Student: 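Sending over a structure as structure tokens; questions will come in a sec.
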Amino acid sequence: MSGLDIGVVLVFTLLVFTCGMSFSKSGKNVKSFFAAGGALPWWMSGLSLFMSFFSAGTFVVWGSIAYSSGWVAVTIQWTMAIAGLVIGLFIAPRWQKTNAITAAQFITERLGPNTQKIYTYLFLGISMFTTGAFLYPVAKIVQVSTGIPIASSIIFLGVLILIYTAVGGLWAVIVTDVLQFVVLTAAVLIVMPLSLDKIGGVSGFVAAAPEHFFTLTNSEYTWGFMVAFGLYNLFFIAGNWAYVQRYTSVGSPKEARKVGLLFGGLYLISPVIWMLPPMIYKALNPELTGLADEGAYLLMCKEVLPVGMLGLMLGGMVFATSSSVNTTLNISAGVLSNDLYKAIFPDATNAQLVRVGRISTVVLGLITIVVALLVPNMGGIVEVVMGLAAVTGGAMFLPPIWALFSRSLSGRSAVTITLLSLTINGFLKFIMPHLLDFKLDRAMEMTAGVGIPILLLVLQEVLARMGSWSTSESQAYDDFRASQEIEPEVEASGNKRGGRVIGMGIAATGVLMVVLAIISLQHLLLVAGMGTLILILGAYIIYRNRH
């Protein structure tokens, strides 16, 4: 990387950090710190949901699969689009109607406090592995681009992320997510045509690509895997506590529906754009082996981007990928503060709860850093992400989703199904290969991961109806539904300010791109034109959110 690229990374880091820290005084109470006041604009929440989900693996996990397997990586991500559309139509509005700040609060009110405690401990334990898996790709990107040791990158970036998340709360997460979405979309729209030009256009790419590179599935990622992974994505996006926060933080069920539909719509289009660069790099350089293919995306960017733009792309990648880290840190801290600490100390003031939330963010962030350092010893990021998905996805997130619709599901049944599913899936994943010398392939592993909790929940429903569910369980459900009729208080005062901060960040990025185009003079029209469009967009957002 050139000195200009490194300078751009530092400038963009400062910009994102400043935007996040500008909300240091916004967390006056639990609802403003963990739910942005409960009236977050749907488009902000939808873009944040997209960035929080996609960024964990697009550049490293899915980029690695795109390099090695081709169009299969796009097919995998289209399952996320279908999941988003289903969630938008049926599940997100249900979450918003619960009037809960967190999924843990819903579990408490619907299934009981003892059930909530068990799910909380499970969620926090699993979250440390998922956030560690999210932080690792950030450091991998920095290592590929700069040569900085991956351990040093993990520690520095982890500390930076936990600081602004601890200070700014959900508003800091939302604003930086939207800024990163605009920056990365612009950068990739520059990378894609330059990558095609590098290999001689579409015809040159098709001619140089490996055989079967454009098939929808392959022997590892079969149609069976796609169906199972699609169900996993449905449960994960609909039930992961960090993503539920995006549905509950908007002002109405209609707004929550738009959040899910925006997510699904973006995932119909974006995988094609995002996955082409690492696929093209396979045709240019098919020699990457082992874990080296995790850096294919950045290596393609280094081939084609003009000086300075590589730094902006790297900065966008780093903070977009870190979006999943700050999202999970924020909701995990919310659970500790609002659902555990408050249960122990019911008279705690809002100031005390916010303080506990900030301290929790720091502690959880430090644990995340340790886990990220261990990812290479766990078989690489693809193995970690897919393994976590198979073992925990359906088991952890499907029972609470089921409770949104079922009158008969009790807290005891939900916990039993979750623990039994985790035990069986854990045995199949970790013990059976050593004990019986037999390992499930990727498709069967994912099918078992989502199929077992589905079968157990259906069986529970059938048995409950055959024996007629208990009066106490149906009454608990009726009481919960009655509580949903009470209109929650919302605090929309932060929306205009959040919009202005987003607009200023986007406008500053547009100015930076125009300056880089003038300095480098490479692909001047393309880069300067994109920068001008971003500057106009930022100015428009500022205008719409003026006092």
Side-chain angles (χ1 to χ4, degrees), residues 1 51 53-80 133-134 136-146 150 183-202 204-218 220-221 229 266-267 269-305 309-310 312-318 320-321 324 380-386:
M1 286 181 68
M51 292 303 297
F53 182 79
F54 118 108
S55 55
T58 296
F59 302 120
V60 177
V61 179
W62 310 129
S64 170
I65 294 174
Y67 176 87
S68 60
S69 302
W71 196 267
V72 168
V74 177
T75 309
I76 291 173
Q77 291 176 82
W78 275 343
T79 67
M80 304 165 190
F134 295 158
Y136 174 82
V138 188
K140 185 71 177 184
I141 288 169
V142 173
Q143 180 195 37
V144 171
S145 302
T146 66
I150 195 165
V183 170
L184 277 177
T185 299
V188 172
L189 288 176
I190 293 174
V191 170
M192 188 177 66
L194 294 181
S195 300
L196 286 170
D197 182 66
K198 178 79 173 179
I199 203 170
V202 175
F205 173 41
V206 172
E211 189 178 2
H212 307 303
F213 208 53
F214 298 99
T215 57
L216 296 178
T217 61
N218 62 17
E220 182 177 8
Y221 301 102
F229 195 63
L266 288 171
Y267 256 110
I269 302 167
S270 62
V272 179
I273 300 172
W274 297 116
M275 292 299 99
L276 278 177
M279 289 173 65
I280 293 171
Y281 193 73
K282 176 72 171 186
L284 288 172
N285 177 17
E287 306 300 323
L288 296 183
T289 58
L291 299 183
D293 61 8
E294 293 178 348
Y297 209 113
L298 247 296
L299 292 171
M300 186 72 250
C301 292
K302 291 174 77 171
E303 286 278 344
V304 300
L305 282 177
M309 276 303 299
L310 177 61
L312 187 61
M313 183 72 175
L314 175 62
M317 281 184 174
V318 165
T321 310
S324 296
I381 189 63
V382 173
E383 181 62 29
V384 171
V385 169
M386 292 299 184

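Owing to the predicted nature of the structure, the values given are computational and were not obtained by experimental measurement.
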Student: For the OH atom of Y67 and the CG atom of L299, what is their distance to the nearest 0.5 Å?
Tutor: 8.5 Å
Student: Do any N or O atoms from the side chain of T215 and from the backbone of H212 form a donor-acceptor pair under 3.5 angstrom?
Tutor: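 Here the side-chain-to-backbone pair exists.
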Student: Heavy-atom distance under 4.5 Å between the side chains of P278 and M300, does that happen here?
Tutor: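 Answer no - side chains too far apart.
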Student: Does the side chain to side chain contact (heavy atoms under 4.5 Å, CB included) test come out yes or no for Y267 and T79, once each step is laid out?
Tutor: CA-CA 9 Å; Y267 256 110; T79 67; over 6 Å; no
Student: Does T217 offer a backbone N or O that forms a donor-acceptor pair with the side chain of T75 under 3.5 Å?
Tutor: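 Here the side-chain-to-backbone pair does not exist.
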Student: Measure the spacing between NZ of K282 and CD of E287 and express it to the nearest 0.5 Å.
Tutor: 8.5 Å
Student: Going by atom types alone, do D293 and S68 pair a side-chain donor with an acceptor below 3.5 Å?
Tutor: no
Student: Report yes if some heavy atom in the side chain of V74 is under 4.5 Å from a heavy atom in the side chain of W62; otherwise report no.
Tutor: no
Student: Rounded to the nearest 0.5 Å, what separation is found between the CD1 atom of I65 and the CG atom of N218?
Tutor: 9.5 Å
Student: Please give me the minimum heavy-atom distance between A209 and F213, naming the atom from each residue.
Tutor: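 Closest approach of A209 to F213, heavy atoms only: CB-CD2, 3.9 Å.
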Student: Determine whether E303 and N285 make a side-chain contact, defined as any pair of heavy atoms from C-beta on separated by less than 4.5 Å.
Tutor: no
Student: Using the rule side chain to side chain contact (heavy atoms under 4.5 Å, CB included), only one of T185, V188, V191 pairs with I273; which is it?
Tutor: V188
Student: Check the angle between the aromatic planes of F214 and W71 and answer parallel, tilted or perpendicular using the 30° and 60° thresholds.
Tutor: tilted
Student: Do L284 and I199 make a side-chain contact, defined as non-hydrogen atoms from C-beta onward lying under 4.5 Å apart?
Tutor: yes
Student: With a 4.5 Å heavy-atom cut-off, do Y281 and Y297 have their side chains touching?
Tutor: no
Student: Could you check I280 against L196 for side chain to side chain contact (heavy atoms under 4.5 Å, CB included), going step by step and ending with a plain yes or no?
Tutor: CA-CA 7 Å; I280 293 171; L196 286 170; 3.7 Å; yes
Student: Are the side chains of M80 and F229 in touch, meaning some heavy atoms are under 4.5 Å apart?
Tutor: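 A side-chain contact under 4.5 Å exists here.
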Student: Between A66 and M279, what is the shortest heavy-atom contact and its length?
Tutor: O-CG, 3.6 Å
Student: As an exercise, state the distance from CG of L288 to OG of S64, rounded to the nearest 0.5 Å.
Tutor: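 Here the rounded value is 9.5 Å.
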Student: Less than 4.5 Å apart, any side-chain heavy atom of M51 and any of L184?
Tutor: yes
Student: Nearest 0.5 Å, what's the NZ-CG distance between K302 and L314?
Tutor: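 If I round to the nearest 0.5 Å, the distance is 9.5 Å.
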Student: Would you call V304 and I190 a side-chain contact if the rule is heavy atoms closer than 4.5 Å?
Tutor: no
